[in-house]
Protein chains: 2
Amino acid sequence: MAASGAGGADADGAAAEPPGFELPLRLLMAFRVLIDEVHAELARQGHPDMRPMHGFVFQAIGPHGTTAADLGRLLGVSKQAAGKTIDGLEQLGYVERHTDPNDARRKLVGLTAHGVDSLVKSAAIFEDVRAKWADRLGADRLRALEEDLRVMTPGDTIHLDMPAWFGGG
Amino acid sequence: MAASGAGGADADGAAAEPPGFELPLRLLMAFRVLIDEVHAELARQGHPDMRPMHGFVFQAIGPHGTTAADLGRLLGVSKQAAGKTIDGLEQLGYVERHTDPNDARRKLVGLTAHGVDSLVKSAAIFEDVRAKWADRLGADRLRALEEDLRVMTPGDTIHLDMPAWFGGG
DNA sequence: TCAGATAGTGAACCAGGTTGTCTATCTGTG
DNA sequence: CACAGATAGACAACCTGGTTCACTATCTGA
């Protein structure tokens, strides 16, 4: 990742950070900065065992619940991997499983009160952080930034597929 | 990660994607879209065994080379992890190690011709993709976006620390 | 009715991190 | 000049969170 002189001058004087490299780097850093802040604040607010990505998982589960296979599809991982994630979240008390009354194969995964609490708090914290961005950038610039990102990213499918490009298998 | 109705309407009618959630999601998706494109094109141009993040590693190594410990610091991982990464890259023929003549403890890690080739091509591809973004968004908007991202991210230290927040350890 | 699709689970495996420990080497200070 | 302490690299054991393969239970459509 990263480069010595991304922000400014490098001892060499040469262009240490070609402009094209800057964009992905900053996108990732921005994501990181934002997520870190939310993660830290969420830990302060009673959810110290949440992982940075769990908020997205909870949002994917949603208020109506889902199943391991659906969650896997949404997250872009195998159903087994989704199942493992659910196992962990279940042990932490964030979700619970119930057999689907209409389909004995399926197990509905739903948020517990604890899980809902974390989701609600995450959303509020995200809002706060976004407000801080609006303060720094100006509301117009932030809206423009969000609009531009929307334009440049596929609108509907949100298969992040983190593992695939990060190296995990 | 992600949510069913990020882009648009959800069957429920409820706000499926609180505005605060949208920002990190889009940042990550944008990063992903960009990296995927570069990665795919790089594979086409003779580097099929490159991992999406390798480009950043190569840039961190830089034209003058580095050491495992320095690389680890720059990447925000342990020196052992950096060493393993270098092992892999060495086997793929992208880097090579030489003992530092001035310090027998250190092993200078430098890019091979193959590594330099991949770095040069990456940079060019990044430029191309950036140009595409400029076409879509307009040069001004893209510059504004980059400027805003720069404002909201720490300027000098680029410790991405991917593993820490992704869950790896 | 029954072949085929789908849900969930377990097992074996892998990648890429972590920490702890060890040796070799350099460096600053008494 | 010697030596305590810092640093570089490597090895081992371990962890997390992915993967695929294989299997059973259940649903569905022809």
Side-chain angles (χ1 to χ4, degrees), chain A residues 1-2 32 39 49-54 56-57 60-61 65-92 94-110 159-169, chain B residues 1-2 32 39 49-54 56-57 60-61 65-92 94-110 159-169:
Chain A
M1 325 25 193
R32 206 214 122 104
H39 183 234
D49 41 15
M50 284 262 299
R51 286 237 166 255
M53 305 300 281
H54 280 167
F56 293 103
V57 175
I61 293 173
T66 184
T67 65
D70 283 342
L71 186 61
R73 274 188 286 268
L74 200 53
L75 263 40
V77 299
S78 65
K79 59 181 180 174
Q80 294 91 333
K84 283 194 202 178
T85 298
I86 293 169
D87 287 345
L89 255 18
E90 197 173 22
Q91 283 197 321
L92 291 173
Y94 285 104
V95 304
E96 52 194 4
R97 281 189 250 227
H98 303 286
T99 301
D100 184 339
N102 301 321
D103 186 341
R105 292 171 305 175
R106 311 177 83 215
K107 286 191 184 166
L108 271 304
V109 178
H159 280 206
L160 290 180
D161 284 321
M162 293 284 301
W165 40 272
F166 187 54
Chain B
M1 326 17 199
R32 208 214 121 105
H39 184 231
D49 42 13
M50 283 263 298
R51 287 239 165 251
M53 305 299 281
H54 280 168
F56 293 104
V57 175
I61 293 173
T66 184
T67 64
D70 282 342
L71 187 61
R73 273 188 287 267
L74 200 52
L75 262 43
V77 300
S78 65
K79 59 182 180 174
Q80 293 92 332
K84 283 194 200 176
T85 299
I86 293 168
D87 286 345
L89 254 19
E90 198 174 20
Q91 283 198 320
L92 291 173
Y94 285 104
V95 303
E96 52 193 4
R97 280 189 251 228
H98 303 287
T99 302
D100 185 338
N102 301 320
D103 186 340
R105 292 171 307 176
R106 312 176 83 214
K107 287 194 182 163
L108 271 304
V109 178
H159 281 205
L160 291 181
D161 285 320
M162 294 283 300
W165 40 272
F166 187 53

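Letters A, B, ... mirror the listed sequences (proteins, then strands); counts begin at 1.
- Regarding A:D49, its CG atom lies at a distance of 16 Å from the C1' atom of D:dT16, rounded to whole Å.
- From A:T66, atom OG1 reaches atom CG of A:L108 across 8.0 Å, with rounding to the nearest 0.5 Å.
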Heavy-atom contacts, protein to nucleotides 20-30 of chain D, under 4.0 Å, summarised as B (base), S (sugar-phosphate only) or - (none) per nt, yield BBB--BBS---
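- As judged by a 4.0 angstrom heavy-atom cut-off over every strand, A:K84 is placed among the base-contacting residues.
- Shortest non-hydrogen contact noted between B:L92 and B:D49 is CD2-OD2, 3.6 Å.
- In this structure, B:R73 reaches the D:dA8 phosphate: one of its side-chain N or O atoms is under 4.0 Å from OP1 or OP2.
- Each end of the helix from C:dT1-D:dA30 to C:dG30-D:dC1 gets its own axis, taken as the rotation carrying the C1' atoms of four end pairs onto the next four within a five-pair window, and the two axes meet at 20° to the nearest 10 degrees.
- The nearest whole Å value for the distance from the CG atom in B:D100 to the P atom in C:dA24 is 19 Å.
- The shortest distance between side-chain heavy atoms of B:K107 and B:T67 does not fall below 4.5 Å.
- The phosphate of D:dG17 has neither OP1 nor OP2 within less than 4.0 Å of any side-chain N or O from A:T85.
- When the P atom of C:dA15 is taken as reference, atom CD of B:Q91 falls 11 Å away, rounded to whole Å.
- Between A:V95 and A:V109, the closest heavy-atom pair is CB-CG1, 3.9 Å.
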Without placing hydrogens or testing angles, list every side-chain donor-acceptor pair under 3.5 Å for residues 74-87 of chain A, not counting sequence neighbours.
residue: A:S78; atom: OG; partner: A:A81; partner atom: N; Å: 3.1
residue: A:T85; atom: OG1; partner: A:A81; partner atom: O; Å: 3.2
residue: A:D87; atom: OD1; partner: A:R97; partner atom: NH2; Å: 2.1

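- For the pair B:R106/B:D70, a side-chain contact is recorded, criterion being any heavy-atom separation below 4.5 Å from C-beta on.
- Contact annotation: A:R97 side-chain N/O to C:dT9 OP1/OP2 distance is under 4.0 Å.
- In this structure, B:L71 places its CG atom 14 Å from C1' of C:dG17, rounding to the nearest Å.
- Taking each heavy atom of A:N102 and A:D100 in turn, the nearest pair found is N-OD1, 2.8 Å.
- Across the protein-nucleic acid pair, B:K107 atom NZ and C:dC26 atom C1' stand 16 Å apart, rounded to whole Å.
- Listed pair B:R51 / C:dA15 fails the phosphate criterion, with no side-chain N or O lying under 4.0 Å from OP1 or OP2.
- For the atom pair A:M53 CE and A:H39 NE2, the distance stands at 11.0 Å (nearest 0.5 Å).
- The nearest pair of heavy atoms linking A:I61 to A:G110 is CG2-CA, 4.5 Å.
- Remark: P of C:dG16 and CD1 of B:I86 are 14 Å apart, rounded to the nearest angstrom.
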